There are 2 protein chains.
Amino acid sequence: MVTLEDVARHAGVSLATASRVLNGSTRQVGAPLRAKVELAAAELGYRTNVAAQTLARGASNVIGLVVHDLTDPYFAAIADGAMRVAESQGLMVMIGTTHRDPEREIAYVSTLNAQRVRAVLLVGSRVTDPETTRRLRTELDHYRASGGRVACVGQDLLGVDTVVPDNRRGAAELARALAGLGHRDFAILAGPDWLIAPRDRVEGFTGAIEELGLPAPRVLHGSFDREGGYAAATRVSGVTCVFAVNDVMAVGALASFRDRGVRVPGDVSVAGFDDILTLRDLVPPLSTVRLPLADMGARALEMALGPSEGGRAEAVTMTGEVILRESTRGPG
Amino acid sequence: MVTLEDVARHAGVSLATASRVLNGSTRQVGAPLRAKVELAAAELGYRTNVAAQTLARGASNVIGLVVHDLTDPYFAAIADGAMRVAESQGLMVMIGTTHRDPEREIAYVSTLNAQRVRAVLLVGSRVTDPETTRRLRTELDHYRASGGRVACVGQDLLGVDTVVPDNRRGAAELARALAGLGHRDFAILAGPDWLIAPRDRVEGFTGAIEELGLPAPRVLHGSFDREGGYAAATRVSGVTCVFAVNDVMAVGALASFRDRGVRVPGDVSVAGFDDILTLRDLVPPLSTVRLPLADMGARALEMALGPSEGGRAEAVTMTGEVILRESTRGPG
DNA sequence: CTGTTAGCGCTTTCAA
DNA sequence: TTGAAAGCGCTAACAG
């Protein structure tokens with residue numbers, strides 16, 4: 001293992017000089033020595049020991065990213081956005097997947113704290129259980145107390161900079177658009193009740209329907225994934241329009257209807273939420289609410305990395321855009 | 001920032017004792033002291049400084065994962081498999097995306113070396129340029145010389161443990177299955193020629209067709225993604241069956257045909273490769289070659305982490321299974 | 001511009 | 001068992 005000291009000796013300079021040319025930021029080393037050091041480093045095949053560097057500097061070059069599930073394109077898109085900004089800043093990213101277990105999210109924050117990462121980004125819906133949230137906040141506060149920066153993509157419940165998708169509004173606008181098509185009888189394929197995002201989408205949708213004086217949608221719960229959508233959709237009947245609280249569930253619903261011989265949009269219209277790029281080629285094309293996923297991830301990390309806004313946490317709301325495609329059309 | 005020393009002092013024990021109960025592996029501390037230390041750590045909110053630990057131990061608890069593109073479900077699936085084994089071993093994962101730039105892959109190996117990660121996993125097709133491969137190998141050798149472990153999911157060109165998808169064989173079997181349906185005139189939507197995986201798939205397919213005495217398929221190149229498949233498909237004509245070298249390109253092809261009013265499988269059959277789970281609900285369901293993606297990622301990391309097989313690199317071949325679905329049927 | 005030197009926080013012999 | 005002390009490799013004053 002080649003160390004800086006080896007390089008310094010090999011180049012005939014002091015440790016400090018070697019450090020300055022190889023890792024120091026502001027270059028203040030004479031050209032000749034600089035050249036010698038670089039040559040020596042190359043000849044010896046020197047690689048900075050980042051652990052030592054982190055220890056000495058008291059600051060690391062990595063950020064932590066905590067997502068629910070990387071194989072869910074929703075998270076992959078957000079993570080990709082965040083990773084691009086990390087990369088542009090020369091930061092490595094350490095990633096953890098919770099598989100929707102809030103305990104693991106808390107554990108990851110603790111671990112990332114131990115790693116002394118520069119910032120941690122929590123991506124995904126918060127949970128309704130206040131006790132869980134409180135414990136997560138405690139862990140985050142602990143991390144922040146020692147200089148860590150935090151941002152979140154989700155609900156603004158953590159007291160940190162947050163990028164908030166406007167789930168209620170998006171769902172409400174979708175509801176109005178669907179009602180505008182002539183639908184009166186809706187079913188909602190809802191996610192688990194302990195996740196806030198799907199719950200908000202249900203409430204936003206339901207609230208708008210109510211305001212329009214239409215009959216309340218039937219709410220069918222399922223897991224927040226393709227299987228959940230499939231399962232919930234099998235219980236749908238007597239409605240002309242189905243709102244799945246995310247695209248992935250909508251895909252499950254489409255599959256379910258197909259298997260049952262129910263035509264979409266002939267027999268029933270189906271809409272989702274998120275506008276997942278990977279799902280763009282579905283047949284029929286899915287009506288949905290577009291969220292700028294990659295931007296959200298990028299923006300959140302920028303907030304975490306940027307100067308703290310006078311100590312107060314900032315919340316940026318991202319409004320989704322309703323996109324009506326062929327999976328929905330008027331009833332009858 | 002609470003340090004181990006703070007904890008030790010608070011508990012009235014030595015630094016060494018505190019270290020042993022909080023981080024040491026083999027427990028050799030008396031119960032009473034142990035309790036005192038744990039209490040002190042909890043009261044003070046102590047978090048191990050992993051950088052210091054890594055420096056002192058000379059070994060870190062993180063592994064590096066280098067993939068082409070996280071938003072491509074192919075890589076997401078493999079990464080997920082690898083991350084599950086990492087997690088089961090208490091390892092954090094640091095991830096880098098190259099966006100298919102070989103230079104960045106080399107740079108990541110260097111960076112991960114600097115991080116002194118325990119192992120690095122390179123996921124994705126190798127390139128045909130021997131010079132690039134040589135430089136990557138040099139970087140890897142450098143890393144391994146200092147104790148780093150490496151594994152690869154892709155072609156066995158790096159001199160490291162590798163999980164090799166049998167692209168040629170899979171494509172050949174697919175070709176035979178398609179010919180078995182009665183097709184004689186094929187087009188291949190190929191990826192870039194500098195990537196070995198797509199090239200192997202083309203060769204495997206073409207070779208099998210040739211063996212059957214059928215006319216050579218026309219090869220249309222495009223980028224190794226949805227857009228590439230779309231673009232290449234617009235140039236297809238006069239064939240009854242199209243083989244896209246991966247599912248993502250096949251999706252693009254399907255979209256292209258739909259836009260042009262070409263019916264699949266009515267006018268033309270389409271097959272892909274990989275069997276991406278997220279794409280399972282495509283219409284029509286895609287014929288493809290199934291690769292056990294998550295297992296491949298898991299297996300590769302296990303190889304990297306396991307004992308080195310007598311110093312010799314091991315190569316495990318994963319054979320794909322041909323799956324004929326509704327996107328293909330006999331011609332005419 | 002360059003060198004000396006004191007740590008950064010933790011692990012790990014080596015003694016007691 | 002427990003403690004003392006010597007590093008791990010690098011950075012950052014502080015001198016010169």
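Fair warning: this is a prediction, and the values are worked out from it, not measured in the lab. Quick note on labels: first sequence line is chain A, next is B, and so on, each numbered from 1.
Summary of the strand contacts: B/A56 and B/A31 both lie near DNA chain D, and taking for each the nucleotide with the nearest heavy atom, the more 5' one is attributed to B/A31. Both A/T54 and B/L15 sit near DNA chain D, but only B/L15 has its closest nucleotide nearer the 5' end.
Checking D/dC10, C/dT4, C/dC10 against every side-chain atom of A/L4, the shortest atom distance belongs to D/dC10. Comparing D/dG9, C/dC10, D/dA13 against the side chain of B/A52 picks out C/dC10 as the nearest. For A/Q53, whose side chain is taken as the heavy atoms from C-beta onward, the closest listed nucleotide among D/dT11, C/dG3, D/dG3 is D/dT11.
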Requested in this report: Please step through side chain to side chain contact (heavy atoms under 4.5 Å, CB included) for the pair B/V109 and B/L122, ending with a clear verdict.
Outcome: CA-CA 9 Å; B/V109 171; B/L122 260 25; 4.0 Å; yes

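Rounded to an integer number of Å, the gap from CD of A/E5 to P of C/dG3 is 14 Å. For the pair B/L22 CG and C/dT12 C1', the computed distance is 16 Å after rounding to whole Å. Atom-to-atom, CG of A/N61 to C1' of D/dT11 comes out at 14 Å; the value is rounded to the nearest Å. Taking atom CG of A/N49 as the reference point, atom P of C/dC10 lies 16 Å away to the nearest angstrom. The OH-C1' distance, from B/Y46 to C/dG9, rounds to 7 Å in whole Å. Between the CG atom of A/L55 and the P atom of D/dG7 there is a distance of 17 Å, rounded to whole Å. B/R20 has its CZ atom 8 Å from the P atom of D/dT2, to the nearest Å. With rounding to whole Å, A/R57 atom CZ is found 16 Å from C/dG7 atom C1'.
For A/N23 and D/dT11, the shortest distance from a side-chain N or O to OP1 or OP2 is below 4.0 Å. When the side-chain nitrogen and oxygen atoms of A/S19 are compared with OP1 and OP2 of D/dT11, one or more of them lie within a distance under 4.0 Å. Note on B/S14: every side-chain N or O is 4.0 Å or more away from OP1 and OP2 of D/dT2. For C/dT2, the OP1/OP2 oxygens have no side-chain nitrogen or oxygen of A/T17 closer than 4.0 Å.
Within the nucleic acid shown, B/G30 comes within 4.0 Å of sugar-phosphate atoms alone, with no base atom in reach, counting heavy atoms only.
For B/R47, the CZ atom counts as densely surrounded, since its 6.0 Å shell holds more than 12 non-hydrogen atoms of other residues, nucleotides or ligands.
Between A/E139 and A/R135 no salt bridge is recorded (no basic side-chain N to carboxylate O distance below 4.0 Å). Ion pairing between a basic and an acidic side chain is recognised when a charged N comes within 4.0 Å of a carboxylate O; B/E131 and B/R134 show such pairing.
The base of C/dG9 is not paired with the side chain of A/R116 by any donor and acceptor separated by under 3.5 Å. In terms of polar N and O atoms assigned as donor or acceptor, the side chain of B/R47 never comes within less than 3.5 Å of the base of C/dG9 in a complementary pairing.
For residues 64-73 of chain A, every residue pair satisfying the side chain to side chain donor-acceptor pair (under 3.5 Å) rule, not counting sequence neighbours, is listed here: A/H68-A/T98, A/D69-A/T71.
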